[in-house]
Amino acid sequence: MNRRPGFLVYGLLTAFVVGSALPLYWSFALGSHTKQEAGSYPPPLLPGGHFLENARRVLDTIEFWQALLNSLLVSTFCAVSVVFFSTLAGYAFAKLRFRGRGGLMAFVVMTMAVPTQLALVPLFILMREYRLLDTLAAVALPTLVTAFGVFFMRQYLVDAVPDELLESARMDGCSMIRTFWTVAVPAARPAMAILFLFTFMQVWTDYMWPLVALQRTQTLQIALDRLALTGQGQTTDYALVLAGTGMATIPLLILFVLAGRQLVTGIMQGAVKG
Amino acid sequence: MSTAQDLPAGDAVTTAPPAGGPPDRDRARLLRRQRRSRWDLKLSPYLYISPFFILFAIVGLYPLLYTGYLSFFQWNRNQYSRGEFIGLDNFTFVLTDPVFQKSLVNTFSIFLLSSVPQIVIAVAVAALLDTRLRGRTFWRMSVLLPFVVAPAAAVLIFGSFFADQSGLINQVLTHLGLDPIRWHVDRFWSHFAIAGMVNWRWTGYNALIVLAAMQAVPRDLYEAAALDGAGRIRQFFAVTLPMIRPTIVFVVITSTIGGLQIFTEPRLFDNTPNREGGPDHQYMTSTLYIYVKGIEDQFYGRASAAAFLLFLIIIAIVLLNFGLTRLATRKAGRA
């Protein structure tokens with residue numbers, strides 16, 4: 001494994017990457033043709049010139065901008081909340097001594113295995129009782145904290161903050177919360193960015209819970225769902241559907257280009273320590 | 001591990017003040033400060049973890065217990081109220097419901113079709129990435145690309161591949177003179193199509209996790225193996241695989257938990273009006289069953305019972321996975 005990889009390695013990797021990118025390319029290609037072109041054989045393999053026209057049809061069919069704004073609001077809010085509470089709790093679990101620490105941490109880890117659909121029905125009842133159905137608050141509520149977030153921050157902070165630093169902060173008469181802000185938070189920043197990215201993506205791509213919690217209000221995924229359902233019974237208008245899919249995917253693609261490196265590091269870090 | 005908190009914070013208070021100490025007023029203030037700091041020390045950890053536990057209790061624990069509770073009651077659908085206590089009747093209903101049984105088989109079939117190839121290919125891709133590549137970050141990011149596509153979007157994209165009439169694959173098949181595949185009708189092929197979408201999105205992600213483990217393998221082990229005359233392939237099976245076993249277990253367990261909960265793909269793959277996993281529930285998964293029973297039909301008790309059963313199954317499989325790997329690891333350790 002020390003030699004430089006040869007042609008075979010690059011060839012196989014390229015094949016895998018092309019396979020991964022192909023469906024995405026295909027959706028953009030087909031989404032830029034007219035309905036007739038998209039349904040013809042042989043199918044158009046190169047992008048056409050009708051994307052803007054399709055995009056306009058998408059905007060006429062669904063409330064795209066509202067859905068985009070809703071997704072953005074909910075994802076950002078949840079990500080900020082998860083990052084804040086996880087950093088606080090993760091810091092306490094990693095660096096502070098208190099009675100019940102081990103047991104409570106084990107509890108946090110255990111809850112990571114609880115499947116989300118277990119809470120589907122009771123959460124739905126809960127939201128209805130508090131008249132929150134069809135609001136963005138209902139979408140956000142179940143993701144204000146995550147056990148994964150606490151676990152992730154704890155794992156990171158155990159090594160990232162030297163005990164000596166905390167000790168000297170205390171010697172200087174720093175209160176606990178000031179120590180947290182001035183020592184722990186700056187050290188945790190890279191992990192916080194990664195957790196933000198993860199939570200943002202998780203909420204953005206979720207389909208099941210918004211489907212349950214919302215009726216008229218839409219997130220992007222729900223809007224896409226409605227888009228696919230229009231014209232049901234006839235042959236699906238793939239030009240329209242895939243143009244919408246592309247429009248809904250672009251924001252995350254931009255995020256990926258800007259922060260993909262961090263995402264990769266985060267996945268690899270979480271794995272080694274997990 | 002010695003932290004600042006190990007220092008007895010109260011010491012200064014109990015020891016006698018040095019001769020010619022500060023005047024009384026200053027001493028009192030010092031005492032107050034020290035007392036406050038001691039409370040700060042004791043309470044802060046709980047203060048920091050409490051938001052998590054309070055919120056989790058409301059949106060995690062309470063629903064969990066409520067699911068268990070609901071599963072023992074009938075539900076009055078007209079009055080939106082709890083009905084009679086009916087013991088295990090909901091569980092009996094769900095367990096004997098042919099649709100639930102079918103959904104369980106579907107869930108397992110889709111899960112196996114997705115996680116097995118996914119993990120095998122992920123390990124292979126990780127091995128390719130674990131070489132001295134040029135443009136490392138580029139390759140890693142490329143492999144992760146599908147991960148940013150939402151499952152709902154992925155189903156729509158793949159829907160255009162797998163459409164029964166006009167889909168790309170069937171067009172190619174008929175052009176080659178072959179029979180088109182009825183992706184939305186044939187049970188196996190529908191599972192195959194759904195598993196394909198899942199694999200597309202998650203293989204690269206898993207490859208990165210496995211890659212991280214591979215990079216932690218000490219390089220001199222490979223040198224030693226090479227000195228013993230082991231080729232690349234032999235090195236992979238004799239050195240890499242055994243060393244990364246814990247990570248493989250981790251990947252297997254997370255993909256088990258995820259795979260048994262699959263919902264978006266079968267829901268959106270169905271283009272019939274009721275969308276209950278195909279006209280004959282050929283690809284209805286257990287989570288979809290819970291959704292249909294609980295949210296659409298409002299049989300809360302039955303849906304809760306189904307959710308609880310699925311939870312028990314997931315726990316059982318995770319434990320089984322764990323046990324099997326423990327066994328395998330111990331055997332390898334003895335050998």
Side-chain angles (χ1 to χ4, degrees), chain A residues 1 4-5 9 12-13 16-17 20-21 23 27 39 41 43 85 88-89 92 96-98 111 113 115 117-124 141-142 144-145 150 163 166-167 170 175-176 205 207-208 212 221 224-225 228 235 238 241-242 245 248-249 252-253 256 260-261 264 267-268 271-272 274, chain B residues 3-5 40 44-46 48-49 51-52 55-56 59-60 63-64 66-67 125 128 131-133 137 139-146 148-153 156-157 160 166 168 171 200 204-205 208-209 212 216 222 247 250 257 261 263-264 268 287 290 294-295 300 303-304 307 311 314:
Chain A
M1 307 253 168
R4 283 233 171 252
V9 171
L12 286 172
L13 270 180
F16 183 81
V17 168
S20 304
S27 73
Y41 188 89
F85 291 132
L88 260 181
L96 306 183
R97 292 264 166 128
F98 56 95
T111 58
Q117 73 269 33
L118 200 56
L120 206 61
V121 169
L123 272 180
F124 174 72
L141 222 63
L144 289 183
V145 291
V150 175
D163 289 327
L166 293 176
E167 246 164 90
R170 278 209 66 73
S175 68
M176 294 293 274
T205 56
Y207 166 78
M208 182 167 76
V212 173
Q221 312 309 326
L224 271 187
D225 181 14
T235 32
Y238 280 115
V241 171
L242 292 182
T245 311
T249 307
L252 272 197
L253 275 181
F256 181 66
R261 196 187 285 258
V264 168
I267 290 169
M268 293 185 59
V272 170
Chain B
T3 60
Q5 289 66 48
D40 187 20
S44 290
Y46 296 106
Y48 297 172
I49 61 169
F52 170 80
L55 284 169
F56 180 78
V59 298
L64 196 76
Y66 198 46
T67 308
V125 170
L128 294 174
T131 51
R132 289 170 35 184
L133 288 170
T137 313
W139 290 110
R140 287 178 188 176
M141 275 176 67
S142 311
V143 157
L144 194 63
L145 182 66
V148 300
V149 179
L156 298 183
I157 296 173
S160 70
S166 58
L168 181 68
Q171 281 195 8
W200 177 68
Y205 178 89
L208 287 182
I209 293 181
Y222 293 116
T247 303
F250 173 79
I257 295 174
Q261 297 183 55
F263 172 81
T264 306
L268 282 167
T287 306
I290 294 166
I295 308 298
Y300 294 144
S304 300
F311 177 51
I314 291 178

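Here the structure is a predicted model, which means the values were calculated and not measured. Computed over heavy atoms, backbone and side chain alike; hydrogens, waters and symmetry mates excluded. Below, chain A is the first sequence line, B the second, and so on; all start at residue 1.
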**Item:** Most chain A-contacting option - heavy-atom pairs closer than 4.5 Å, from B:Ser44, B:Gly204, B:Gly294
**Value:** B:Ser44
**Item:** OG1 on B:Thr131 to CG on A:Leu13, rounded to 0.5 Å
**Value:** 7.0 Å
**Prompt:** Among A:Val241, A:Leu118, A:Leu141, who wins on heavy-atom pairs under 4.5 Å with chain B?
**Reply:** A:Leu118
**Message:** Please classify the contact of B:Ile157 with chain A as side chain, backbone, both or neither, using a heavy-atom distance under 4.5 Å.
**Reply:** both
**Prompt:** Considering only heavy atoms, which portion of A:Leu242 lies under 4.5 Å from any heavy atom of chain B: side chain, backbone, both, or neither?
**Reply:** side chain
**Request:** Please look at B:Pro45 and chain A and tell me whether the side chain, the backbone, both or neither of the residue comes under 4.5 angstrom of a heavy atom of that chain.
**Result:** both
**Item:** Proximal component of A:Tyr238, with respect to chain B [non-hydrogen, under 4.5 Å]
**Value:** side chain
**Prompt:** Does A:Ser20 reach the main-chain N or O of B:Pro146 with its side chain, forming a donor-acceptor pair under 3.5 Å?
**Reply:** no
**Request:** Against chain B, work out which of A:Thr111, A:Leu144, A:Val150, A:Asp225 has the most heavy-atom pairs shorter than 4.5 Å and name it.
**Result:** A:Asp225
**Request:** Provide the closest heavy-atom pair for B:Pro51 versus A:Val145 in the form atom of the first, atom of the second, distance.
**Result:** O-CG1, 4.5 Å
**Request:** Name all residues meeting the ring-ring contact (aromatic ring centres under 6.0 Å, His included) criterion together with B:Phe311; count only those two or more places apart in sequence or in a different chain, and write none if there are none.
**Result:** none
**Asked** Any side-chain heavy atom of A:Val264 sitting closer than 4.5 Å to one from B:Leu208?
**Response** yes
**Item:** Test log, rule side chain to side chain contact (heavy atoms under 4.5 Å, CB included), inputs B:Leu128 and A:Phe16
**Value:** CA-CA 11 Å; B:Leu128 294 174; A:Phe16 183 81; over 6 Å; no
**Item:** A:Phe256 versus chain B, the contacting section by heavy-atom distance below 4.5 Å
**Value:** both
**Complete:** Heaviest contributor of heavy-atom pairs below 4.5 Å to chain A, chosen from B:Tyr205, B:Trp139, B:Tyr66, is B:Trp139
**Request:** Please flag which part of A:Ala21 lies under 4.5 Å from any non-hydrogen atom of chain B: side chain, backbone, both or neither.
**Result:** both
**Region of B:Phe263 in contact with chain A, defined by heavy-atom distances below 4.5 Å** = side chain
**Request:** Go through the structure and list residues passing side-chain hydrogen bond (donor to acceptor under 3.5 Å, both in side chains) with B:Ser160, not counting sequence neighbours.
**Result:** A:Trp26
**Prompt:** Should B:Thr264 and A:Gln221 count as side-chain neighbours, where that means a heavy-atom distance under 4.5 Å?
**Reply:** no
**Request:** Side chain from CB out, backbone as N, CA, C, O: work out which of these in B:Leu144 comes under 4.5 Å of a heavy atom of chain A, or both, or neither.
**Result:** both
**Request:** Output the option from B:Thr287, B:Ile257, B:Val149 having the highest count of non-hydrogen pairs under 4.5 Å with chain A.
**Result:** B:Thr287
**Message:** Less than 4.5 Å to any heavy atom of chain B: does that hold for the side chain of A:Val9, its backbone, both, or neither?
**Reply:** both
**Message:** Checking A:Ile267 against B:Ile209 for the side chain to side chain contact (heavy atoms under 4.5 Å, CB included) test, could you report, in this order, the C-alpha distance in whole Å, the side-chain angles of both residues, the deciding distance, and whether it holds?
**Reply:** CA-CA 6 Å; A:Ile267 290 169; B:Ile209 293 181; 3.6 Å; yes
**Message:** Under a 4.5 Å cutoff for heavy-atom pairs, which residue among B:Ile290, B:Leu268, B:Leu64 has the most contacts with chain A?
**Reply:** B:Leu268
**Asked** Heavy-atom distance under 4.5 Å to chain A: side chain of B:Tyr46, backbone, both or neither?
**Response** side chain
**Side chain proximity check, B:Gln261 to A:Met208, heavy atoms < 4.5 angstrom** = no
**Message:** Using every non-hydrogen atom in the two residues, find where A:Arg261 and B:Met141 come nearest and quote the distance to one decimal.
**Reply:** N-SD, 3.8 Å
**Fill in**
If you tally heavy-atom pairs under 4.5 Å between each of A:Thr249, A:Leu253, A:Leu224 and chain B, the highest tally belongs to A:Leu224
